[in-house]
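All values below come from the heavy atoms of this structure, side chains included, with hydrogens, waters and symmetry mates left out. This one's a predicted model, so the numbers in the text were calculated from it and none came from an experiment. In listed order, ligands and their atoms are each counted from 1.
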Amino acid sequence: MKDKLEDLRQMRAMAKMGGGPERVADQHARGKLTARERVDALLDRDSFQELGRLATHNISDFGMANKKFPGDGVITGFGKIDGRRVAVYAQDFTVLGGSFSEVQSHKVCKIMELAMASGVPVIGLLDSGGARIQEGVRSLAAYGELFVRNVMASGVVPQISVQMGPCAGGAVYSPALTDFIVMVRNTSFMFITGPDVIKAVTGEDVDLNTLGGADVHNTESGVAQFAAPDELSALRLVKELLSYLPQNNMEDPPRVTPYDDPARADESLDHLVPDDSSEPYDMRQVISSVFDRGSFLEIHAHWALNALVGLARLDGFPVGVVANQPMFLAGVLDIQSSDKIARFVRFCDAFNLPLLTFVDCPGYLPGIEQEYGGIIRHGAKIIYSYCEATVPKICIVVRKAIGGAYIALSSKQMRTDLAYAWPTAEIAVMGPDGAVNVLYRQELAKAADPKAERERLVQAYRDKFHNPYTAADMGQIDEVIEPRSTRLRLVMALEILRSKVGSNPAKKHGLMPV
Ligand code: HXC
């Protein structure tokens, strides 16, 4: 027995060494932690229960018989973050470049199934060159097994992917099926295939960062939602993100002990919106003033800047926040912001996060580029996602809610529960200049003083439509509120809606425009 225990201890010790001291030193030299160090940094102390630590592959071709490492390049198991259970897997780049194998797949799929059955979030720490080339079709099939688990878990338990090295192939497609992707600046990269293969196939010369660095995917492609300056910050971000989320789709998000006065009124909001409706202001000021102090966790903060989305707390309760940002492109809806908003709305709906939408938007962006890019298809995603969402929905028209923007952004007709407006709201089918051109072209052509006549008509249009009162008369706006009282009104509104039960007709699934 003593010898057998010693054998076990030795095998477990070997598993801790990953690909060996040289590879570990190389990993550290690249500014990266090892998989095991990452798991330790992520989880509450002594909470990790590892599974499959001794699993190895059974491949002998391509010199693989001599390349067996206990665990086969991935650490899998369960642990706790702030006392709440999570499933974790961490790929070990020191073992065959973290490449994904049949054994890795069995291990990861196993914890995903247990996580789904028990309603526990799944966190992947990825550092992998993709499908293990030596395993051929086995490693491709391995990804198929993982993808199906990613999709089955989608909307059941939160899935978060942290990219912590050069990730290629399936190591980017699996994360793309999860809810959030966090990247680490300078040490993590995402691409379907790496620079060497690109050079061989297309002749293009490109470095890792230019091809798929954190900035590329956080500002250009929108593939990633977060960029962290280093690995420990990335892991802290995961913990922060989880603090807003329920463990699964059957639970409510966790309330924290309230620390901010629900009746706190901010007088500065009364003067925030400029008199000139073409002048910008920072919608972040509205958000930081209305929600619990310091609670706004922005998502996709560097992409599609004309829209803001993120998680926040109101009287301790987590909520999803959507807003236009007049500081960029006047807060217009374009292809990218449509994708950003629609994705976030669906996430909130899946995980029982009430949706609060702050509107200041001149409409969908007109133009050839947008039309050719499919603004109709992309813009429709916003409409689809709000119409489909059954969580409590509240909208606040802060200033412009023109045309499509009024109706698409959480309008009452699209099943929004409560609609508020500030006195600065402007609700119309189109802006005054466009409307006067369409309605009075002939009159203007005949006018003795076309400029004066145009100004008169524009003013008449503004007087009629650039206020919230017609919409309030018709019940499309429930209440025109003083900006300073927004926080308290929303706290009270959410209290009403907390027990809301919403549903959709039975169907296999809808056909969200993609
Ligand atoms: C087997 C791999 C591997 C892989 C890397 N390695 N990727 N082994 N299968 N997919 C091994 C290398 O041979 C090397 O082993 C070690 O990992 C470290 O790799 P390096 O190349 O030295 O590291 P680096 O220079 O940092 O480059 C990392 C990389 C590059 C950019 C990830 O290795 C690369 O381009 N790999 C291939 C990426 C790719 O095209 N994957 C797509 C797979 S197809 P030694 O022993 O020599 O040090 C796929 C399909 C999924 O995933 C289906 C999707 C729908």
Side-chain angles (χ1 to χ4, degrees), residues 17-35 56-69 71-74 89-105 108-109 124-151 154 161-178 181 183-214 216-217 223 231:
M17 287 165 54
E22 273 175 33
R23 303 251 173 190
V24 168
D26 187 43
Q27 178 87 347
H28 286 153
R30 292 181 188 216
K32 294 161 66 184
L33 297 172
T34 64
T56 54
H57 66 76
N58 203 12
I59 309 287
S60 49
D61 304 337
F62 301 104
M64 289 295 281
N66 304 324
K67 290 185 179 168
K68 287 199 180 205
F69 301 88
D72 208 36
V74 70
Y89 72 90
Q91 290 177 314
D92 184 348
F93 194 79
T94 69
V95 173
L96 301 163
S99 54
F100 199 68
S101 65
E102 199 172 33
V103 171
Q104 281 211 10
S105 180
V108 176
C109 291
L125 309 180
L126 291 100
D127 194 352
S128 165
R132 187 171 291 167
I133 297 164
Q134 299 91 327
E135 291 199 7
V137 72
R138 286 170 189 264
S139 59
L140 294 178
Y143 267 129
E145 299 286 344
L146 174 59
F147 295 161
V148 84
R149 266 75 177 186
N150 285 138
V151 174
S154 180
S161 305
V162 192
Q163 309 299 115
M164 306 192 91
C167 294
V172 298
Y173 276 118
S174 169
L177 298 169
T178 66
I181 296 179
M183 290 188 73
V184 183
R185 284 209 160 87
N186 301 319
T187 52
S188 81
F189 314 95
M190 295 178 75
F191 27 71
I192 57 169
T193 194
D196 291 350
V197 180
I198 290 181
K199 176 84 182 151
V201 175
T202 70
E204 287 172 298
D205 250 325
V206 65
D207 62 68
L208 289 170
N209 237 335
T210 314
L211 183 62
V216 167
H217 289 305
V223 163
E231 293 197 0

Any salt bridge linking R132 with D72? Criterion: basic side-chain nitrogen under 4.0 Å from a carboxylate oxygen. yes
State whether the number of non-hydrogen atoms from other residues, nucleotides or ligands found under 6.0 Å of D207 atom CG is greater than 12. yes
Over 12 foreign heavy atoms within 6.0 Å of CD1, I198: yes
Find all protein N or O atoms under 3.5 angstrom from an N or O atom of ligand 1 and list the pairs with distances, or write 'none'.
from: ligand 1; atom 1: 9 (N); to: I133; atom 2: N; distance (Å): 3.0
from: ligand 1; atom 1: 10 (N); to: G129; atom 2: O; distance (Å): 3.1
from: ligand 1; atom 1: 10 (N); to: A131; atom 2: O; distance (Å): 2.9
from: ligand 1; atom 1: 17 (O); to: G97; atom 2: N; distance (Å): 3.2
from: ligand 1; atom 1: 26 (O); to: R30; atom 2: NH1; distance (Å): 2.7
from: ligand 1; atom 1: 26 (O); to: R30; atom 2: NH2; distance (Å): 3.4
from: ligand 1; atom 1: 40 (O); to: T193; atom 2: OG1; distance (Å): 2.7
from: ligand 1; atom 1: 41 (N); to: G129; atom 2: O; distance (Å): 2.8
from: ligand 1; atom 1: 46 (O); to: R23; atom 2: NH2; distance (Å): 3.2
from: ligand 1; atom 1: 48 (O); to: R23; atom 2: NH1; distance (Å): 2.7
from: ligand 1; atom 1: 48 (O); to: R23; atom 2: NH2; distance (Å): 3.3
from: ligand 1; atom 1: 52 (O); to: A131; atom 2: N; distance (Å): 2.9
from: ligand 1; atom 1: 52 (O); to: G170; atom 2: N; distance (Å): 3.0

Which pair of heavy atoms, one from K32 and one from M164, lies closest together, and at what distance? CE-O, 3.2 Å
Can you say whether the rings of F147 and Y173 are parallel (under 30°), tilted (30 to 60°) or perpendicular (over 60°)? perpendicular
I need the minimum non-hydrogen distance between G194 and L211, along with the two atoms involved. C-CD2, 4.3 Å
